[in-house]
Amino acid sequence: MSRTRFTRAVYAAVRRIPPGTVATYGQIAAAVGHPRAARAVGTALARLPRHLANQVPWHRVVGASGISARDDPERAATQREKLIDEGVAVTAGGRIRRDRSR
DNA sequence: GGTCTGACATATT
DNA sequence: GAATATGCCAGAC
């Protein structure tokens, strides 16, 4: 199975994100001990299994410029709506207000 | 087991 | 702010 220690650490870190708050991939990567592995965080979440998607608030993880979702625009829309539903201020461009991130 | 791809970041121009 | 270049790590083939 592909879920490595790193991946599990990422899931754990994402789970620790407080509601109504978003974290960047860089922050997650740094949280698991790999400040330069933002990309790995992306792939790990991209291959996030459904059963884990239920317990991991992946929608709280955004890119440095907000929601990225270069692979699936639908995902971006879902993520944006979920964030808005949680009270996160997401602009029309998919960017997050600085007081909610960082 | 080597290579390509990718939900990225940071620095520089 | 946008475009370009480089580094980083894990997953899929």
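Throughout, a chain's letter reflects where its sequence line sits, starting with A, and its residues are numbered from 1.
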For atom [atom1] of [X] and atom [atom2] of [N], their distance in whole Å:
| X | N | atom1 | atom2 | result |
| --- | --- | --- | --- | --- |
| A/L48 | C/dG11 | CG | P | 12 Å |
| A/Q27 | B/dT10 | CD | P | 9 Å |
| A/R8 | C/dA10 | CZ | P | 13 Å |
| A/W58 | B/dG6 | CH2 | P | 19 Å |
| A/I28 | C/dC9 | CD1 | P | 17 Å |
| A/H34 | C/dG11 | NE2 | P | 11 Å |
| A/I67 | B/dC8 | CD1 | C1' | 15 Å |
| A/R75 | B/dG6 | CZ | P | 14 Å |

When you measure only distances, ignoring hydrogens and angles, does the side chain of A/Y25 come within 3.5 Å of the base of B/dA7 through a donor and an acceptor?
yes

What does the list of N/O pairs under 3.5 Å between the protein and nucleotides 2-7 of chain C look like, with a distance for each?
{"residue": "C/dG7", "atom": "O6", "partner": "A/R39", "partner atom": "NH1", "Å": "2.9"}

Taking the minimum atom-to-atom distance to the side chain of A/A37, which one of B/dA7, C/dG11, C/dC9 wins?
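Out of B/dA7, C/dG11, C/dC9, the nucleotide with an atom closest to A/A37's side chain is C/dC9.
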
Out of C/dC9, B/dA7, B/dA9, whichever nucleotide has its closest atom nearest the side chain of A/T24
B/dA9

Enumerate the residue pairs fulfilling side-chain hydrogen bond (donor to acceptor under 3.5 Å, both in side chains) with a member in residues 80-96 of chain A, sequence neighbours excluded, ordered by first and then second residue.
A/H59-A/E86, A/R60-A/E86

Under the side chain to side chain contact (heavy atoms under 4.5 Å, CB included) rule, collect the residues that match up with A/A77, sequence neighbours excluded.
none

Quick test of your reading: applying ring pair (Phe, Tyr, Trp, His ring centres under 6.0 Å), list the pairs with at least one residue in residues 37-58 of chain A, sequence neighbours left out, ordered by first then second residue.
none

Under 4.0 Å between a side-chain N/O of A/T43 and OP1 or OP2 of B/dT5, yes or no?
no

Flag yes if more than 12 heavy atoms outside A/Q55 fall under 6.0 Å of its CD atom; otherwise flag no.
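More than 12 heavy atoms, drawn from other residues, nucleotides or ligands, come within 6.0 Å of this atom.
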
What is the nucleic acid contact for A/A40, judged by heavy atoms within less than 4.0 Å: base, sugar-phosphate only, or nothing?
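Touches a base.
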
Using a heavy-atom cut-off of under 4.0 Å over every strand shown, decide if A/A64 touches base, sugar-phosphate, or nothing.
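Sugar-phosphate only.
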
For A/V62 and A/Q79, the nearest pair of non-hydrogen atoms, with its separation, is CG1-NE2, 3.5 Å

Donor-acceptor list for residues 11-18 of chain A side chains, cut-off 3.5 Å, not counting sequence neighbours:
{"residue": "A/Y11", "atom": "OH", "partner": "A/A44", "partner atom": "O", "Å": "3.4"}

Sequence neighbours left out, cut at 3.5 Å: what donor-acceptor pairs do the side chains of residues 34-43 of chain A make with other protein atoms?
{"residue": "A/T43", "atom": "OG1", "partner": "A/R39", "partner atom": "O", "Å": "3.4"}
{"residue": "A/T43", "atom": "OG1", "partner": "A/A40", "partner atom": "O", "Å": "2.7"}

